[in-house]
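Keep in mind it's a predicted model, so treat the numbers as computed, not measured.
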Amino acid sequence: MARSLLLSCRGGFENDCAAEMQQSASQLQVAGFARTKPNQGYVVFECFNENDADYLHRQIDFRSLVFARQWQVITCFLELDESDRISPIIESLETLPDVCCVAQDWPDTNDGKQMSGFCRKFSRPLEKKLCERMQCQARAVLQLFWLDGRHVYVGYRLVDNSSTYPMGILRLRQSSEAPSRSTLKLDEAFAVLLNDDEREQYVQNAQHAVDLGACPGGWTYQLVRRNMYVAAVDNGPMAENLMQSGLVKHYREDGFKYVPERNNISWLVCDMVEKPSRVTRLMLKWLTEGWCRYAMFNLKLPMKKRYAEIAQDLQFLRQGLEQTGQQFELRAKHLYHDREEVTVFACLHR
Ligand SMILES: C[S@@+](CC[C@H](N)C(=O)[O-])C[C@H]1O[C@@H](n2cnc3c(N)ncnc32)[C@H](O)[C@@H]1O
């Protein structure tokens, strides 16, 4: 009897996450409304009808949601007594489908961070009590979302339609050879926006790549690390260690005017700070002209209504790719290492 969904997001992006969920629900003709507060790092979406939360959780492809890092159906909200937190949780599980394991998350905020130690300690006794209920073939996870040590949302999420990472966050370490922290955005994008088969097929040694807005070279570093030849386009200075790799050629040119010299570019990546609509048009041009096979790029979103902007840009791109009559992929995610920006992957299957 689940009426609500919980979606976690980066603090400050609650309105965008809520607007996206509202739009996704109304496309499925499900009525509901979002409850959230600024910077709380999550949104609760309340449906008007019983079971609609489960329906939305099954019908909406999690990968289509840009701003949600993780989501779950809420079956109940518990206020717990510190003397016995486990019993009420166990008692509340009757309405749950079969689950294969338990996951504990909390809001990714300064207050929320304090929950990490608590959850680590709590998981052992909880799992001990729950082990009889776990069924390893089950396709759902028991998901707890702690607000503090006494308040928790209990519910579930489907393994095949949610993030596989704890808290929906892929944590990566920056290599000392990478010249900027931005490098983690592209590393995360390859991991999150492509599945294992796609990574194997699309990302290969000795491919040619173009990096627009490349300096100082954090994204180029990720391409070089994957043994690609890179045309790095930017007026700024490139990190010397990358230039010494022998794989990078630096073009001091305007990324909007640069035309590739070769016709076998696999990857176009772009991190230029520019209006998202302008970058979108440029990416569409590269893909439809056949100048590259795959594009991974950032759309910077300094405006207030970020969901409205990204929805419009993605729609423009989708329509442009549809007009080619070819099959294509288009995915966008507000990644953990993204700040006021969203990362997009697009390709045309020729
Ligand atoms: C966010 S930084 C890129 C950081 C880079 N991806 C990294 O990981 O080190 C944006 C870069 O875009 C460049 N840029 C902005 N507009 C450009 C344009 N029209 N053509 C080429 N580069 C541009 C800037 O010079 C700047 O170096």
Side-chain angles (χ1 to χ4, degrees), residues 2-11 14 17 21 40-45 53-54 56-58 60-65 67-80 85-109 111-172 188 191-192 195-196 333-336:
R3 280 178 190 261
S4 319
L5 286 163
L6 186 145
L7 302 101
S8 58
C9 62
R10 176 187 273 276
E14 296 79 8
C17 185
M21 188 60 219
Q40 70 177 11
Y42 68 95
V43 170
V44 172
F45 187 78
D54 182 82
L56 292 178
H57 187 58
R58 286 170 198 276
I60 298 171
D61 182 353
F62 177 68
R63 291 172 310 172
S64 74
L65 295 174
F67 290 99
R69 284 181 178 168
Q70 186 58 290
W71 68 338
Q72 68 179 84
V73 174
I74 300 171
T75 48
C76 65
F77 178 71
L78 296 176
E79 274 190 60
L80 302 168
R85 295 179 173 97
I86 291 189
S87 303
I89 294 177
I90 304 285
E91 283 159 24
S92 76
L93 301 185
E94 273 166 26
T95 53
L96 232 62
D98 289 343
V99 291
C100 58
C101 59
V102 54
Q104 302 187 79
D105 288 356
W106 51 90
D108 181 31
T109 58
D111 288 348
K113 277 190 190 107
Q114 294 161 15
M115 292 311 297
S116 124
F118 166 84
C119 288
R120 225 185 353 257
K121 280 195 218 132
F122 191 62
S123 62
R124 186 58 73 74
L126 180 66
E127 280 168 10
K128 217 165 148 194
K129 281 272 183 193
L130 280 170
C131 62
E132 282 160 29
R133 287 192 55 108
M134 305 284 187
Q135 306 211 357
C136 55
Q137 307 93 329
R139 301 310 299 158
V141 173
L142 165 59
Q143 179 72 57
L144 304 181
F145 191 86
W146 292 92
L147 300 188
D148 55 46
R150 292 191 50 227
H151 298 93
V152 63
Y153 286 100
V154 181
Y156 61 92
R157 62 179 167 85
L158 298 177
V159 176
D160 300 328
N161 198 25
S162 58
S163 170
T164 50
Y165 304 112
M167 315 256 301
I169 295 173
L170 173 60
R171 290 181 194 274
L172 294 165
E188 185 183 359
V192 172
N195 65 32
D196 291 346
K333 199 82 196 165
H334 188 212
L335 300 173
Y336 177 65

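Interatomic distance, CG of L126 versus CG of L144, reported as 6.0 Å (0.5 Å rounding). Taking CG of D148 as the reference point, atom CE of M115 lies at 6.5 Å (rounded to 0.5 Å).
For the pair E14 (side chain) and G41 (backbone), a donor-acceptor distance under 3.5 Å is present. A side-chain donor-acceptor contact under 3.5 Å links K333 to the backbone of A68. In this structure, T75 contributes its side chain and V154 its backbone to a donor-acceptor pair below 3.5 Å. Side chain of Q72 to backbone of Y156: no donor-acceptor contact under 3.5 angstrom is found. No side-chain donor-acceptor contact under 3.5 Å links R157 to the backbone of S162. Proximity of a side-chain donor or acceptor of Q40 to a complementary backbone N or O of Y42 within less than 3.5 Å is detected. Although no hydrogens or angles enter the test, the distance criterion places no donor-acceptor pair under 3.5 Å between the side chain of D98 and the main chain of M134.
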So Q135 and V99, side chain to side chain contact (heavy atoms under 4.5 Å, CB included) or not? Walk me through it. CA-CA 6 Å; Q135 306 211 357; V99 291; over 6 Å; no

Between M167 and F145, is the side chain to side chain contact (heavy atoms under 4.5 Å, CB included) condition met? List the steps. CA-CA 9 Å; M167 315 256 301; F145 191 86; over 6 Å; no

Are D111 and W106 close enough, and set up right, to give a side chain to side chain contact (heavy atoms under 4.5 Å, CB included), and what steps lead you there? CA-CA 9 Å; D111 288 348; W106 51 90; over 6 Å; no

For F45 and L6, run side chain to side chain contact (heavy atoms under 4.5 Å, CB included): C-alpha distance rounded to whole Å, both residues' side-chain angles, the deciding distance at 0.1 Å, then the answer. CA-CA 6 Å; F45 187 78; L6 186 145; over 6 Å; no

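Under the 6.0 Å distance and 45° angle rule, R171 counts as a cation-pi partner of Y336.
Side-chain contact between D108 and R10 is absent, with no heavy atoms from C-beta onward closer than 4.5 Å. In this structure, V159 and V141 have side chains that are in contact, with non-hydrogen atoms separated by less than 4.5 Å. Looking at heavy atoms from C-beta onward, L65 lies in side-chain contact with L7 at the 4.5 angstrom threshold. Considering only heavy atoms from C-beta on, L142 stays 4.5 Å or farther from C101 through its side chain. Between Q104 and V152, every side-chain heavy-atom pair lies at or beyond the 4.5 Å cut-off. D160 places none of its side-chain heavy atoms less than 4.5 Å from the side chain of F62. Put simply, the side chain of C100 does not reach to within 4.5 Å of the side chain of C136, judged on heavy atoms. Side-chain contact between L78 and R150 is absent, with no heavy-atom pair separated by less than 4.5 Å.
A centroid separation of 6.0 Å or more is found between the aromatic rings of H151 and W146.
Nearest heavy atoms, G168 versus S163: CA-OG, 3.3 Å. L130 and I90 make their closest contact through CD2-CD1, 3.7 Å (heavy atoms, listed as atom of the first residue, atom of the second, distance). Closest approach of A53 and L5 over heavy atoms only: O-CD2, 3.7 Å.
By the neighbour-count criterion of 12 heavy atoms within 6.0 Å, atom NZ of K129 is sparsely surrounded, having that number or fewer from other residues, nucleotides or ligands. Within a 6.0 Å radius of CZ in R63, no more than 12 heavy atoms belonging to other residues, nucleotides or ligands are found.
By the 30° and 60° cut-offs, the orientation of the rings of Y153 relative to F77 is tilted.
Of the listed residues (R69, Q143, Q70), just one forms a side-chain hydrogen bond (donor to acceptor under 3.5 Å, both in side chains) with D105, and that residue is Q143.
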